[in-house]
Amino acid sequence: MADRINLTPAQEKEVARQYEILKRGVVEIVPENGLWEKLARSIATDTPLKVKLGVDPTAPDIHLGHTVVIQKLRQFQDLGHIVQFLIGDFTGRIGDPTGRSETRKPLTEEQVKQNAETYVRQYSKILDISKVELHYNSKWLSKLNFSDVLHLASKMTVARMLERDDFEKRYRSNQSISLHEFFYPLMQGYDSVALKCDIELGGTDQKFNLLMGRHLQREYGLEEQVAIMLPLLEGLDGVQKMSKSLGNYIGIDEDPVEMYGKTMSIPDELMIKYFELVTQVPLKELRELEEGLKSGSLHPRDVKMKLARTIVEMYHDAEQAQHAEEEFKRVFQQRSLPEDLPQKKWSGPNPVNVVDLLHALELVASKGEGRRMIEQKAVRIDGERVEDIQAQIAVKDGMVVQVGKRKFARLTF
RNA sequence: GGAGGGGUAGCGAAGUGGCUAAACGCGGCAGACUGUAAAUCUGCUCCCUCUGGGUUCGGCGGUUCGAAUCCGUCCCCCUCCA
């Protein structure tokens, strides 16, 4: 196919340039030369590519894990291609199986709409949203009648469905799979049919669904999309993929200080990966950082601080990034108090038992935990360690209560 | 419809009448150390009116001096047969 497209040397160079940018961080492209060919044709015919990203409107809080794919979209956009942002409102309204056995609660139309708006707002931090094509899959999926659905279902076999990683795992480990779950890949694939997209992006966990898009496009007589798979970003624990439900995520709406601190808590080994996948720091600079770390000329902490700063800058600004860094140094390097700590009005008894105080201030989840924290020397009041769980505390205005390194409260009357 | 297997703390997984608030791993938290909320090491990790008390092992009801462990029943999951 490629050899049928005649490119001028300048065009050839442009294809190479775009390809170079686009393959950053990519794990797999199916078919392997597909992206190159699509780009070649796009440039030869001066037609932008249509790049699809589907999202489920259930979890409207975007975190860095999601941004891996969105950054890629941004690159496509910068190169003049068209981003097709697909909101799976139909699938979301029915309730998407997530690999967990419980079925998700169906969303109301109102919730879907709200979530979609939240998405658009958050995505606009990365994408030029004015140039994004917004689609809702209810537009076509809700129109299919039962015989359309049967026709669609006939394009796929049970055995092939069971090849999908999570179906296979669940099947093997004796967990239930509802019949309707088989339709999700079909619906997602059908979206590609409806959108006639050239490219679909997704995490490596989406491979099956992305291939389904290719399969169905072929079945419906369309040119097949190219599937581009990006790695799943590990979360703060460094092991499991970043996800909201695991609580190991950095949300792009989070405040600068929190965002900075969370970044500092990722394992050292993940720093370069984060740079590559969630920032636009040039590859060349990245290699230098990597070299520096290897040779010991760069301090891992400083590299991580640079990462944290870069990330905060992306979602806030340079000034706030700077401030977050100072705050971090103050609290964790110098072990002093954060600049502004949460104020709590105290209207309880005075004096008061320490444990009751901690519990009332919600610095501990239970009194048992409060006792534990004291036994573990984690509790300080105005900088003084409290080691007696019986201690009576005379509450003073402006008094600072601290549990561990991260939980603080300043008392006022 | 029939036969069999299974449901244990946030998750995974032991335990199959008292020694079990329940091993172990993961996750989480704290302390030490440090180079950061990395790594490593140590400790903790159901609740409370706490040298004691209360409530847990799918739900309910039994047996027993005593049950996560035995019985009945209901719910849910899986496998095979139809």
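Below, chains carry the letters A, B, ... as their sequence lines are ordered, and counting in each starts from 1. The analysis underlying the following values was restricted to heavy atoms, covering all of them including side chains, and did not include hydrogens, waters or symmetry mates.
- Remark: B:C70 base-pairs with B:G62. Criterion, Watson-Crick or G-U wobble with two distances under 3.5 Å.
- Using N1 to N3 plus N6-O4 or O6-N4 for Watson-Crick, or N1-O2 and O6-N3 for G-U wobble, each under 3.5 Å, B:C24 pairs with B:G12.
- For A:Ser347, there are no side chain to side chain donor-acceptor pair (under 3.5 Å) partners at least two apart in sequence or on another chain.
- Distance noted for atom P between B:G53 and B:C19: 15 Å (whole Å).
- Dashed line: the shortest gap from a side-chain N or O of A:Gln333 to OP1 or OP2 of B:U36 is under 4.0 Å.
- Between A:Glu375 atom CD and B:U45 atom C1' the separation is 13 Å, expressed in whole Å.
- Interface remark: the A:Gln376 side chain does not form any donor-acceptor pair with the B:G31 base, using a distance-only criterion of under 3.5 Å.
- Taking the six-membered ring where the residue is Trp, A:Phe85 and A:Tyr119 present perpendicular rings, their angle passing 60° and hence far from 30°.
- At a threshold of 4.0 angstrom between heavy atoms, the contacts of A:Met373 are confined to the sugar-phosphate backbone, with no base atom among them.
- Between the side chains of A:Asn209 and A:Gln188, at least one donor N or O lies within less than 3.5 Å of an accepting N or O.
- B:U40: Watson-Crick or G-U partner is B:A32, with both key distances under 3.5 Å.
- B:C77 and B:C70: their P atoms are spaced 23 Å apart (whole Å).
- With no hydrogens or angles considered, a side-chain donor-acceptor pair links A:Glu339 and A:His323 at under 3.5 Å.
- Taking only side-chain nitrogens and oxygens, A:Lys367 comes nearer than 4.0 Å to OP1 or OP2 of B:U49.
- A:Arg335 has a side-chain polar atom (N or O) that falls below the 4.0 Å cut-off from OP1 or OP2 of B:A37.
- The interatomic distance linking A:Arg406 (CZ) with B:A38 (C1') rounds to 14 Å, in whole Å.
- Note: CE (A:Met271) to C1' (B:A37) measures 14 Å, nearest angstrom.
- Evaluation of atom-type donor-acceptor distances gives a pair under 3.5 Å for the side chain of A:Asp268 against the base of B:G35.
- Rounded to an integer number of Å, the gap from A:Ile311 CD1 to B:A37 P is 17 Å.
- In this pair, A:Trp140 and A:His135 present their aromatic rings tilted. The plane angle is within the 30 to 60° band.
- Residue A:Val403 is the one, among A:Thr263 and A:Val403, whose nearest nucleotide of RNA chain B lies closer to the 5' end (criterion: closest heavy atom).
- Looking at residues two or more places apart in sequence or on another chain, you find a ring pair (Phe, Tyr, Trp, His ring centres under 6.0 Å) between A:Tyr260 and A:Phe328.
- Among A:Lys196, A:Arg41, A:Arg214, the one residue that satisfies the salt bridge (charged side-chain N to carboxylate O under 4.0 Å, His left out) test with A:Glu223 is A:Arg41.
- When heavy atoms are screened at a 4.0 angstrom cut-off, A:Gly261 is found touching base atoms of the nucleic acid.
- One can place CZ of A:Arg309 at 15 Å from P of B:U36, the figure rounded to the nearest angstrom.
- Look at B:G4: its Watson-Crick or wobble partner, with both distances under 3.5 angstrom, is B:C78.
- B:A9 and B:U79 have their P atoms separated by 23 Å, given to the nearest Å.
- Contact check, A:Ser366 against B:C48: a side-chain N or O comes under 4.0 Å of OP1 or OP2.
- Atom P of B:A30 sits at a distance of 11 Å from the matching atom of B:A37, rounded to the whole Å.
- B:C60 and B:U8 have their P atoms separated by 16 Å, given to the nearest Å.
- Once rounded to the nearest 0.5 Å, the distance linking CD of A:Glu327 with CZ of A:Phe332 reads 9.0 Å.
- Of the residues in residues 381-395 of chain A, A:Arg385 come within less than 4.0 Å of RNA chain B through at least one heavy atom, sorted by number.
- Considering every non-hydrogen atom in both A:Pro267 and A:Asp237, the closest pair reads CG-O, 4.0 Å.
- In this structure, A:Glu369 atom CD and B:G43 atom C1' are separated by 15 Å, rounded to whole Å.
- For the pair A:Leu298 CG and B:U36 P, the interatomic distance rounds to 16 Å; values are reported in whole Å.
- Put simply, OH on A:Tyr249 is 16 Å from C1' on B:G27, counting in whole angstrom units.
- Distances shorter than 4.0 Å separate some side-chain N or O of A:Lys405 from OP1 or OP2 on B:G31.
- Comparing B:G59 with B:C65, their P atoms are spaced 25 Å from each other, to the whole Å.
- Using modelled atom types and a 3.5 Å distance limit, the side chains of A:Glu14 and A:Gln18 yield a donor-acceptor pair.
- Residue-level contact check: A:Pro300 touches the bases, meaning some heavy atom is under 4.0 Å from a base atom.
- Contacts of A:Ile266 with the nucleic acid, taken as non-hydrogen atoms under 4.0 Å apart, involve only primed sugar atoms and P, OP1 or OP2.
- The listed nucleotides are B:A37, B:G28, B:G35; the one nearest the side chain of A:Phe332 is B:A37.
- Between B:G10 and B:A22, the distance separating the two P atoms is 16 Å to the nearest Å.
- Contact between the side-chain N/O atoms of A:Arg301 and the OP1/OP2 oxygens of B:G35 is not found at any separation under 4.0 Å.
- Distance check on atom C1': B:G61 versus B:A67 gives 14 Å, rounded to whole Å.
- Place A:Gly404 and A:Glu269 on RNA chain B by their nearest nucleotides, and A:Gly404 ends up nearer the 5' end.
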